[in-house]
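In what follows, a single structure is set out as structure tokens and then discussed.
As the structure is a prediction and not an experimental result, all values here were calculated from the model. In what follows, chains carry the letters A, B, and so on, assigned in the order in which the sequence lines appear, proteins first and then strands, with residues in each chain numbered from 1.
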Amino acid sequence: MAPRTCVLCEKAKAILKRPKTGQQICKDCFFYVFETEVHNTITQSKLFSPGDRVAIGASGGKDSTVLAYVLKTLNERYNYGLNLFLLSIDEGITGYRDDSLETVKRNQQQYDMPLKILSYDELYGWTMDAIVSQVGRKNNCTFCGVFRRQALDRGAAQLNVDHIVTGHNADDIAETVLMNIMRGDIARLGRCTSICTQGEDTIKRSKPFKYAYEKEIVMYAYFKKLDYFSTECIYSPDAYRGHARTFLKDLEAARPSAIIDIIHSGEAFEVSEEVKAAQKAQQTCKRCGYMSSNDLCKACTLLEGLERGMATSGITDRARKKMDAEGPAPENLRTIPFFRPPTGQPAVAIEAPS
Amino acid sequence: MSLGIRIEFGGGLELLFCNEKKHKITIPVSVPKDNDTKVSSDSSKELKPADVNYLIHHLRDHLLKERVELFMENGTVRPGILVLINDTDWELEGEGDYQLKDNDEIVFISTLHGG
């Protein structure tokens, strides 16, 4: 087959077929359109203001590594005026997160950004290894998900940032749309396609890669030779998400626009006012001050269950009632430090790149 | 007559191949049309020039160490695995029908691992 020419510059050899458009483009044009599309997403959604302090949720994986690189590039190219930080959560998974954190530490040097690592162990007193040894592999993703969300907010508050950006890409969002439909979770379906979410007390969160295909993120990392880490979590992966993912990849193979089409479908659903009204009002957790829809936030409930040796109490109502029947939480129960939203000055020293 | 082919795995796919990213393999210039990689050369099977489809079967039969379902599905690589032929998206090179040349480099990258 004769080499194909880039349809954009009409000069160089095409190296990529874009899944979004079917266009055949060369390496330089690919870098340019990929970066420019992210820039357009950022400006059209008005994600940032000059002077914003922005933490990149960094796992060392492909998405967050490419996000850190592209944001640094765009911040310099278009003078966003952002102060960028890397924020990593150490879940305490031996042989998985310890390796990926080494990648993040290299990224800190390569991208010259300050890095903050916050561990489950220092925040909750439990590593995921310890949690799994108590709860087994069935529900451990529940603990990890709840703990990570809160840890990111707390890490961000310690860095005193205005904003957390994550590497969620178009494939991830399409997958979440599908899962919310399959679970009948209408309230989440209405929220999951938002590029930016902001609760009252929480720090703004957004997804600059909302419209970026996974294929292009991986190709970008490959052609830029970016340093990223890729291994599946050693604890049982989220099986339900796995099925949604396989289904989505099969759809994409048949018709590449499926991913963007599903995101558009998710955006087009109108969530009725009744559903929105049925959501509980947000308050703050009586124990740790984090935002919550109940007296106790989910992380405090899960932590109390772990501490009292009744780990499933945070997962099912029945187990919760059983724990409540055994009396109130003991006085000396380990709790999460009280949450204080950003105040103006960094609360902790952060590691500057050396 | 045989072809030397350079293989590289990335994105976690190397874990299925002895955790080695780079491999160098040799395959025949002409191979069975049905991609059978285990026949002797004097077999009476119909032949075709070696292509990427055959290469995928060869990797499965001779290099893959575990969990074939994470590498192949329906006679090709599993959806979500990107393939590059000499640093070009295989979708621009005819995908599995691309005819291999001596010293070609084929890269397989999984996109399925966590980010």
Task: Candidates Ile109(B), Thr111(B), Leu82(B) - the one meeting side chain to side chain contact (heavy atoms under 4.5 Å, CB included) with Lys215(A) - done: Leu82(B)

Task: Exceeds 12 heavy-atom contacts within 6.0 angstrom, atom NZ of Lys11(A) - done: no

Open item on the list: Nearest 0.5 angstrom please: Thr88(B) OG1 to Lys17(A) NZ, how far?
Closed with: 14.0 Å

Task: Atom pair CG (Leu13(B)) and OG (Ser230(A)), whose distance is rounded to the nearest 0.5 Å - done: 9.5 Å

- [ ] Go through the atoms of Thr246(A) and report whether side chain, backbone, both or neither lie under 4.5 Å from a heavy atom of chain B.
- [x] side chain

Task: Rounded distance [0.5 Å steps], CG in Asp89(B) versus CZ in Arg18(A) - done: 12.0 Å

Open item on the list: Give me the atom names and distance for the closest heavy-atom approach of Lys249(A) to Pro79(B).
Closed with: O-CB, 3.6 Å

- [ ] For Asn74(B), look at atom CG and say whether over 12 heavy atoms of other residues, nucleotides or ligands are found less than 6.0 Å away.
- [x] no

TODO: Give the minimum heavy-atom separation between Val107(B) and Tyr222(A), together with the two atoms involved.
DONE: CG2-OH, 3.5 Å

Task: Pairwise distance CZ(Arg78(B)) to CG(Asp250(A)) - rounded to 0.5 angstrom - done: 8.5 Å

- [ ] Against chain A, label Leu84(B) side chain, backbone, both or neither, depending on which of its atoms sit under 4.5 Å from a heavy atom there.
- [x] side chain

Open item on the list: Is it the case that over 12 heavy atoms from other parts of the model lie below 6.0 angstrom from the CD atom of Glu46(B)?
Closed with: no

Task: Enclosure of Phe247(A) CZ (heavy-atom neighbours >12, cutoff 6.0 Å) - done: no

Open item on the list: Quick check on Glu73(B) against chain A: is it the side chain, the backbone, both or neither that has a heavy atom closer than 4.5 Å?
Closed with: side chain

Open item on the list: For the NZ atom on Lys13(A), are there more than 12 heavy atoms of other groups (residues, nucleotides or ligands in this structure) within a distance under 6.0 Å?
Closed with: yes

